[in-house]
Every structure is written in C-alpha cells, then in structure tokens.
2 protein chains.
Amino acid sequence: MILEDSVLEKEISQAVIRRMPRYYRYLGELLDEGVERISSGELSERMSVTASQIRQDLNNFGGFGQQGYGYNVSFLYEEIGKILGLDQNHNIIIIGAGNLGQALANYMKFDRLGFHTIALFDVKEELIGKNIRGIEVLHVKELDHFVKTHDVDIAALTMPKSSADDIANHLVSLGIHAIWNFAHVDLSIDAKDVVVENVHLSDSLMQLSYNIVKNK
Amino acid sequence: MILEDSVLEKEISQAVIRRMPRYYRYLGELLDEGVERISSGELSERMSVTASQIRQDLNNFGGFGQQGYGYNVSFLYEEIGKILGLDQNHNIIIIGAGNLGQALANYMKFDRLGFHTIALFDVKEELIGKNIRGIEVLHVKELDHFVKTHDVDIAALTMPKSSADDIANHLVSLGIHAIWNFAHVDLSIDAKDVVVENVHLSDSLMQLSYNIVKNK
DNA sequence: TAGATTGTTAATCGATTAACAATC
DNA sequence: TAGATTGTTAATCGATTAACAATC
C-alpha cells in the first residue's frame, strides 16, 4: 500500500511549481476583467509561454479544462489556489523587525492570500513593543514561549546573517517546519522535513548586474 | 566580422548565471577562512552540487583552474566578481520609499558589492526630505530632472503595482536600461535593450506554501 | 616522475515543444 | 454535426552528469 502510493505519486518538478504562482496571478487578472473562460492558446499569448507548456503544467495536477471549450477562469483560479495551499491559513512570525521585517508585516497582500503575520521578534530594545498594523514586536527571549503557545506555520528570517543559522536550527527544534529565509546565507538544517525558501536579494542584484554588463 | 562575433559568442544560460552569485558567496567564505586553493571536488561537497557542474559552469567563462592543483580561491573570487560586473559601480534609485524601499537603501552589503543607492522617490509628503544613511527621499516630480543630471544605472521599483508599469516605461524613456522590480506584476516594456530582474515576494511565499502542503 | 585535478567531450537525464487522437 | 481545444504521447532540445585525455 505504502509502496503503491509512493510509486504512483509522481514528483512534480520545482520548475513547474515556480510557474504556478504566475498562472495564479494572470488568472486573477482575468477574473478581475470579468473573463469567464480562456483557452491555453489565448493564455499562452498573454503570458508569453507556449500553450503546450500551460497544458502540460496543469495536467500535472489533473484535467481542469474541457475539450472544445478551454478552461473556466474562476474554477482554474480556485484549483491553483488549492494546489498552492492558499485555501488554508498560514501563520507567520518574523525574526528581525528592521525595515525588511516591517515591510513584510505591512504587506496586506499576503493576508489576502491567507498568510497572516502574528508577531515580529527582535533584540533591539527600541523596537520592542512597537506595533505594526496591530502586530507586536516582541523580544527574542519570548520566542520559545510564543511558539509553544501559538500556531506558527512559517518563520521568516530577516535578521543579519550571523545569527540566521542558529536561530533557524532553534526554530526547527521548536517544531517549525517552514522557513522563509532572507538572510544572505544558505542555512544548514539537518532535519529532513523542513522546507526552506530562500530570497537572496544580493544574488538577485548580481544577476541583474550580469545582464547589464552583458547588454552593453 | 560582426557575423563571426555573433557566431563565436555562445549565449550563457540563465541557469548558469543564477548559480554564479552562489559560487561567489562560497568563495568569499573560503577567503575569510584563509583557504588559498580549492578543487572542484571539495567545493562540490561544501555546496552540495556536482564537481562536474562546477567545472562546466566555470568553463563557460574561461579556464580559471590548473590541472593537478585546483582553483586559486582569491583569483577565482575576483574573476567571478568581474563576470557579475562587481568590478564596476552601479548607481541605484529606488522608486517607493516605504519600508521595503528603505530596507534596500539600508543594506550596506549592496554598497560593498558596488551598488550604491543615490536617491529614493515617493509621492507621500511625509516621506519627502527624509534621510536614510545620507540618502535623501525626493518627490517623484523631481525624478526626470534627477535622472537627467545623474548617472543612474538601476531603478528599483518598490511602489504599489498599480503604478509600476507606467513608472517603468517612463524610466525607460528617460534612458534607464535596468529595472529591479519588486512590484507584483510582470512589467510590459517593449524596448528590447532593457533588462528586468523580478523579485516577486508573494510568488516566493506561494512556492513555500506549496512545499509545506506537499510535506504534510 | 607520479598523482591530482582540470578542461572538455560524450552519455544521460529531464524539461520543453510539437503533434494528434480523444472528446466536448 | 463540425469546430475547437483539451489531455497525452512522441520528438526535440537543453542542461546535467560521467568519463577521460590533457597537463600541471
């Protein structure tokens, strides 16, 4: 039974996953425009990808379309939302209440997607007690107690890289399984069931820089 | 001659480019540790990639190693820096002086890499005149004059998505060729010689969310 | 010199695109 | 029904890995 499951369950490549939020975004726009149905051909033109890729991508998760008709926009939007886990709520804590941490806490867009920041943490006394859209900045020494008494799904690391690895491993030991890492390091976490998503801003800037120089 | 050039010039894939900043980061660490030379084998273990990929990647840009010896850390570090354009200065302006814009302006790390923020722009009166590490927040109405009188290499867009596309195209018309886009939209710029690097934070969060749900 | 490790070619693997039968 | 468009298989393309001759 277990064997059968693992055999049937085809792993979906991260290349596909990376494209799903973009589909979700475009379908949201179509929805706003009042478009009811769309074919892979039309969508492909809008998004500058091949229609083949769209159909192939979607069929990793099931047949959401109908021959001769195309895809129902609102249905597909909902389905991709479910695939991405947007049908459930995710509580976020942010470690590092500097500008970046505060910026993340301020994004109302994340709330609309089901991601709710419930606390920020920092070590700087002048930040403790500060309130961002009703979200309080707490001292890091309260982290353990907070995590044990709240439902925390994601920890965003927006503190300096020097402490990132220690904090990350500590959070994992507290039972956190998902880390959104903005620190400029690759975290070394041995636990196998922890997912890490990196946002390396300086890497992104260097990529841009490469393309600038190449362009000249 | 032109034909010959374009034939010889093999386009390097973005997959390779995306890995270069990571090599740069690890080499920087080795440098800090005082390591003088490293083989692709040792580096591959540290970075959890194949030695083959490292050699293949580097050889897109030239032979930086030596048979029987490996790679000289500081030389390779310098060379990758050059490839990524870190041997030159890049002036950045940030459009949108909210938390995210301020966070970017505050990153001293970028300065160390040669990326200097020289101004922020916003429309909110309460932000105008504010000073971040000596960088002033100006009103957007001064944008044209500023760009014409300064050497601006990169524009970072950290304002709401509603105005992102208009501003982006306006910046391009002012002669800016590189955009670091944090707005949650795909910019539609027709100019062919403009490079855009997107940082879609909500896409990143959704990817994380997918992996959380899959993990359960 | 012998040993180590690169640079590079060849083999494999995976992802994208094309094609088309199934079907609404 | 005829036309449109999907779902899916097959073909192509590109990226990764393996292998090894070149050479320090």
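Fair warning: this is a prediction, and the values are worked out from it, not measured in the lab. Basis for what follows: all heavy atoms, side chains included, without hydrogens, waters or symmetry-related copies. Sequence lines set the chain letters: A, B, ... in the order given, protein chains first and strands last, and positions in each chain run from 1.
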Quiz: residues 203-210 of chain A side-chain donor-acceptor pairs under 3.5 angstrom, not counting sequence neighbours:
unit_1: A:D203; atom_1: OD2; unit_2: B:R25; atom_2: NH2; d: 3.0
unit_1: A:S204; atom_1: OG; unit_2: B:W180; atom_2: NE1; d: 2.9
unit_1: A:S204; atom_1: OG; unit_2: B:E197; atom_2: OE2; d: 3.0
unit_1: A:S209; atom_1: OG; unit_2: B:L84; atom_2: O; d: 2.5
unit_1: A:S209; atom_1: OG; unit_2: B:H90; atom_2: NE2; d: 3.3

For residues 187-196 of chain A, tabulate all N or O donor-acceptor pairs below 3.5 Å that involve a side-chain atom, not counting sequence neighbours.
unit_1: A:S188; atom_1: OG; unit_2: A:D165; atom_2: OD2; d: 2.9
unit_1: A:D193; atom_1: OD2; unit_2: A:H177; atom_2: ND1; d: 3.4

Using residues 60-69 of chain A as the side-chain source, report each donor-acceptor pair under 3.5 Å to any protein atom, sequence neighbours left out, with the distance given to one decimal.
unit_1: A:N60; atom_1: ND2; unit_2: A:Q56; atom_2: O; d: 3.3
unit_1: A:N60; atom_1: ND2; unit_2: A:D57; atom_2: O; d: 3.2

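Atom pair A:N60:CG and D:dT9:P shows a separation of 13 Å (rounding to whole Å applied). In this entry the distance linking CG of A:L58 with C1' of D:dT5 reads 13 Å, nearest Å. Protein atom CG of A:D57 is 14 Å distant from nucleotide atom P of D:dT6, rounded to whole Å. The distance between atom CD of A:Q53 and atom C1' of C:dG14, rounded to the nearest whole Å, is 13 Å. Across the protein-nucleic acid pair, A:I54 atom CD1 and D:dG7 atom P stand 12 Å apart, rounded to whole Å. Atom CZ of A:F61 and atom C1' of D:dT6 are 18 Å apart (whole Å). Rounded to an integer number of Å, the gap from CD of A:E11 to P of C:dG14 is 12 Å.
Of the candidates B:S40, B:S44, B:S39, B:S39 is the only one forming a side-chain hydrogen bond (donor to acceptor under 3.5 Å, both in side chains) with B:E42.
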Worksheet item: When Watson-Crick pairs (N1 to N3 and N6-O4 or O6-N4) and G-U wobble pairs (N1-O2 and O6-N3) count only below 3.5 Å on both distances, what is the dot-bracket string of DNA chain D, with | for other-strand pairs?
Response: ..||||||||||||||||||||||

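Heavy atoms of other residues, nucleotides or ligands lying less than 6.0 angstrom from CD of A:E36 number 12 at most.
Side-chain N/O atoms of A:D151 and A:N91 include no donor and acceptor closer than 3.5 Å. No hydrogens or angles considered: a donor-acceptor pair under 3.5 Å links the side chains of B:N89 and B:H116. Side chains of A:T50 and A:Q53: a donor-acceptor N/O pair is absent below 3.5 angstrom, by distance only.
Judged by atom type and distance alone, A:Q56 does not reach the base of D:dT6 through any side-chain donor-acceptor pair under 3.5 Å.
Aromatic ring orientation, A:Y77 versus A:Y24: parallel (interplanar angle below 30°, classes split at 30° and 60°).
A salt bridge links B:E11 to A:K214: one of the charged nitrogens lies within less than 4.0 Å of a carboxylate oxygen.
Of the residues in residues 62-83 of chain A, A:G63, A:F64, A:G65, A:Q66, A:Q67, A:G68, A:Y69, A:G70, A:Y71 come within less than 4.0 Å of DNA chain D through at least one heavy atom, sorted by number. DNA chain C lies under 4.0 Å from at least one heavy atom of each of the following residues of residues 27-52 of chain B: B:S39, B:S40.
Taking the six-membered ring for Trp and the full ring otherwise, B:Y107 and B:F110 have centroids separated by under 6.0 Å.
The shortest distance between the side-chain N/O atoms of A:R55 and the OP1/OP2 oxygens of D:dG7 is not below 4.0 Å.
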